[in-house]
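Notes follow once the structure below has been shown.
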Number of protein chains: 2
Amino acid sequence: MRDRESGYGSTGDREGCPVEYTLDVIGGKWKGVLLYHMIDGTKRFNEFKRICPSISQRMLTLQLRELEEDGIVHREVFHQVPPKVEYSLTEFGQTLTPIILLMKEWGSKFQQNSECSIES
Amino acid sequence: MRDRESGYGSTGDREGCPVEYTLDVIGGKWKGVLLYHMIDGTKRFNEFKRICPSISQRMLTLQLRELEEDGIVHREVFHQVPPKVEYSLTEFGQTLTPIILLMKEWGSKFQQNSECSIES
DNA sequence: TGGTATAGTATCAATTTGTATACTAAGGAG
DNA sequence: CTCCTTAGTATACAAATTGATACTATACCA
């Protein structure tokens with residue numbers, strides 16, 4: 001598990017914490033998107049690169065590793081040449097799908113430029 | 001509305017986008033928490049400071065302003081002395097409550113140290 | 001005249017996050 | 001012998017986010 005230094009004192013001021021905890025797990029810039037793509041099955045490293053080309057290799061690695069550390073994602077290495085690594089949701093990770101899907105619905109519903117949006 | 005330069009090309013690789021859009025709106029380090037506390041009614045600036053003392057005054061201002069810019073939160077200034085400013089969810093902001101509540105549920109369920117979570 | 005309260009700003013420093021580029025390993029193809 | 005592939009690391013750097021501290025305005029209260 002990753003470090004979670006919440007910095008809370010012992011004063012019991014943690015009412016907002018569950019939400020904060022959840023956002024800590026899925027709130028990374030790319031995590032929700034990666035999770036979303038794993039809902040419909042296992043994905044390989046380069047598949048992610050193809051699906052979201054705007055994420056750099058380094059960030060992809062880092063975000064996937066954090067998800068792995070949090071027990072959300074299972075990483076399976078196939079010792080082949082060329083190498084093959086598959087990423088999938090763990091059982092624990094699956095418990096997040098309702099949230100992700102709800103976020104997807106909300107996003108589709110309210111995103112203005114739902115089709116093009118590429119400017120100038 | 002805030003800038004949203006997604007940096008996507010014109011290749012239509014935006015399947016993950018709704019999730020990304022949603023996270024862009026509520027994914028700020030403190031936004032989910034602030035939203036969560038506004039679900040049960042209007043909050044004043046100092047109430048937020050009391051509820052989550054680990055957020056600095058500056059960040060509180062910034063995050064609330066972003067939520068305001070995104071049309072999620074309504075900010076009402078009362079010209080009194082000492083000043084009073086009330087923050088509440090807009091109608092649009094209310095559409096986010098299912099997500100926030102789901103995140104709260106998930107968080108409460110899986111957070112290890114749940115010693116002092118929600119009162120309710 | 002000074003202190004209290006609220007809701008902020010302003011400024012700078014530190015931390016976190018992200019990007020770009022080059023590099024590795026290992027086996028097979030040419 | 002060199003190039004191709006995949007799934008990364010290593011390094012250097014830039015940008016964005018966050019934090020710490022001090023400061024403002026205004027009216028009331030003593």
Side-chain angles (χ1 to χ4, degrees), chain A residues 2-9 13 16 20 23-34 37-38 42-70 73-88, chain B residues 2-9 13 16 20 23-34 37-38 42-70 73-88:
Chain A
R2 290 182 294 141
D3 284 353
R4 294 189 199 294
E5 303 224 7
S6 50
Y8 290 100
D13 47 307
E20 202 177 324
L23 278 171
D24 190 37
V25 172
I26 63 171
K29 187 164 178 186
W30 304 99
K31 286 182 190 175
V33 195
L34 299 179
H37 288 296
M38 273 180 284
T42 291
K43 290 275 172 298
R44 292 181 61 177
F45 191 81
N46 272 15
E47 283 187 89
F48 284 123
K49 288 216 296 183
R50 271 190 290 276
I51 296 168
C52 25
S54 40
I55 178 169
S56 68
Q57 212 164 27
R58 192 177 97 105
M59 283 314 299
L60 188 51
T61 308
L62 288 176
Q63 299 274 287
L64 285 168
R65 287 296 143 81
E66 283 196 1
L67 289 169
E68 201 193 347
E69 279 173 62
D70 284 340
V73 155
H74 173 68
R75 175 169 177 267
E76 190 161 9
V77 182
F78 296 82
H79 293 286
Q80 313 173 344
V81 168
K84 173 177 160 184
V85 179
E86 281 187 352
Y87 294 92
S88 54
Chain B
R2 291 184 294 141
D3 285 354
R4 295 189 198 295
E5 302 227 7
S6 51
Y8 289 99
D13 47 308
E20 203 177 323
L23 277 171
D24 188 38
V25 173
I26 63 172
K29 188 164 177 185
W30 304 99
K31 287 183 189 174
V33 195
L34 299 179
H37 287 297
M38 273 180 285
T42 291
K43 290 275 173 297
R44 292 182 59 180
F45 191 82
N46 272 16
E47 281 186 270
F48 285 121
K49 288 216 297 183
R50 269 190 291 277
I51 296 167
C52 25
S54 41
I55 179 170
S56 69
Q57 214 164 26
R58 195 178 96 100
M59 282 313 297
L60 188 50
T61 307
L62 287 176
Q63 300 273 286
L64 285 169
R65 288 294 143 84
E66 284 196 1
L67 289 170
E68 202 194 344
E69 278 173 63
D70 284 341
V73 156
H74 173 68
R75 177 170 174 266
E76 189 161 9
V77 182
F78 295 82
H79 293 286
Q80 313 172 343
V81 168
K84 174 177 160 184
V85 179
E86 282 187 352
Y87 295 90
S88 55

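Each chain gets a letter, A, B and so on, in the order its sequence line appears, and its residues count up from 1.
Qualifying side chain to side chain contact (heavy atoms under 4.5 Å, CB included) partners for A:Lys49, counting only residues two or more places apart in sequence or in other chains: A:Phe45, A:Asn46, A:Gln57, A:Leu60. Scored by the salt bridge (charged side-chain N to carboxylate O under 4.0 Å, His left out) test, A:Glu68 finds A:Arg65 as partners (sequence neighbours excluded). In this structure, the salt bridge (charged side-chain N to carboxylate O under 4.0 Å, His left out) partners of B:Glu86, at least two apart in sequence or on a different chain, are B:Lys84. A search for salt bridge (charged side-chain N to carboxylate O under 4.0 Å, His left out) contacts involving A:Arg44 returns nothing, not counting sequence neighbours. Every side chain to side chain contact (heavy atoms under 4.5 Å, CB included) that A:Leu23 has, sequence neighbours left out, goes to A:Val19, B:Met103. Not counting sequence neighbours, B:Val81 has no partner by the side chain to side chain contact (heavy atoms under 4.5 Å, CB included) test.
Of the residues in residues 55-63 of chain A, those lying under 4.0 Å from DNA chain C by heavy-atom distance are A:Ser56, A:Arg58, A:Met59.
Looking at B:Leu67 and B:Lys31, their side chains come closer than 4.5 Å, going by heavy atoms from C-beta outward. The shortest distance between side-chain heavy atoms of B:Trp30 and B:Ser56 does not fall below 4.5 Å. For the pair B:Leu34 and B:Met38, the minimum side-chain heavy-atom distance is below 4.5 Å. Within the 4.5 Å cutoff, the side chain of A:Glu76 has no heavy atoms near those of the A:Thr42 side chain.
Within 4.0 Å (heavy atoms only), A:Tyr87 reaches sugar-phosphate atoms of the nucleic acid but no base atom.
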Interface polar pairs with nucleotides 1-6 of chain C, N/O, under 3.5 angstrom:
from, atom 1, to, atom 2, distance (Å)
C:dT6, OP2, B:Asn46, ND2, 3.4
C:dT6, O3', B:Arg44, NH2, 3.0
C:dT6, O3', B:Pro83, O, 2.8

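Taking CE of A:Met59 as the start and SG of A:Cys52 as the end, the distance is 11.5 Å to the nearest 0.5 Å. Here the NE2 atom belonging to B:His37 is positioned 8.0 Å from the CZ atom belonging to B:Phe48, to the nearest 0.5 angstrom.
Within the structure, salt bridge (charged side-chain N to carboxylate O under 4.0 Å, His left out) pairs that include any residue of residues 51-61 of chain A do not occur (at least two apart or interchain).
A:Trp30 has its CH2 atom 9 Å from the C1' atom of C:dG18, to the nearest Å. One interatomic measurement links the two molecules: NZ of A:Lys49 to P of C:dT19, which rounds to 14 Å at whole-angstrom precision. Rounded to whole angstrom, the span from the CD atom of B:Glu86 across to the C1' atom of C:dA7 amounts to 13 Å.
When the C1' atoms of four end pairs are superposed on the next four at each end of the helix from C:dT1-D:dA30 to C:dG30-D:dC1, using five pairs per end, the two resulting axes differ in direction by 30°, to 10°.
Protein chain A contacts DNA chain D from D:dT5 to D:dT11, reading 5' to 3' and using non-hydrogen atoms of the protein with a distance under 4.0 Å.
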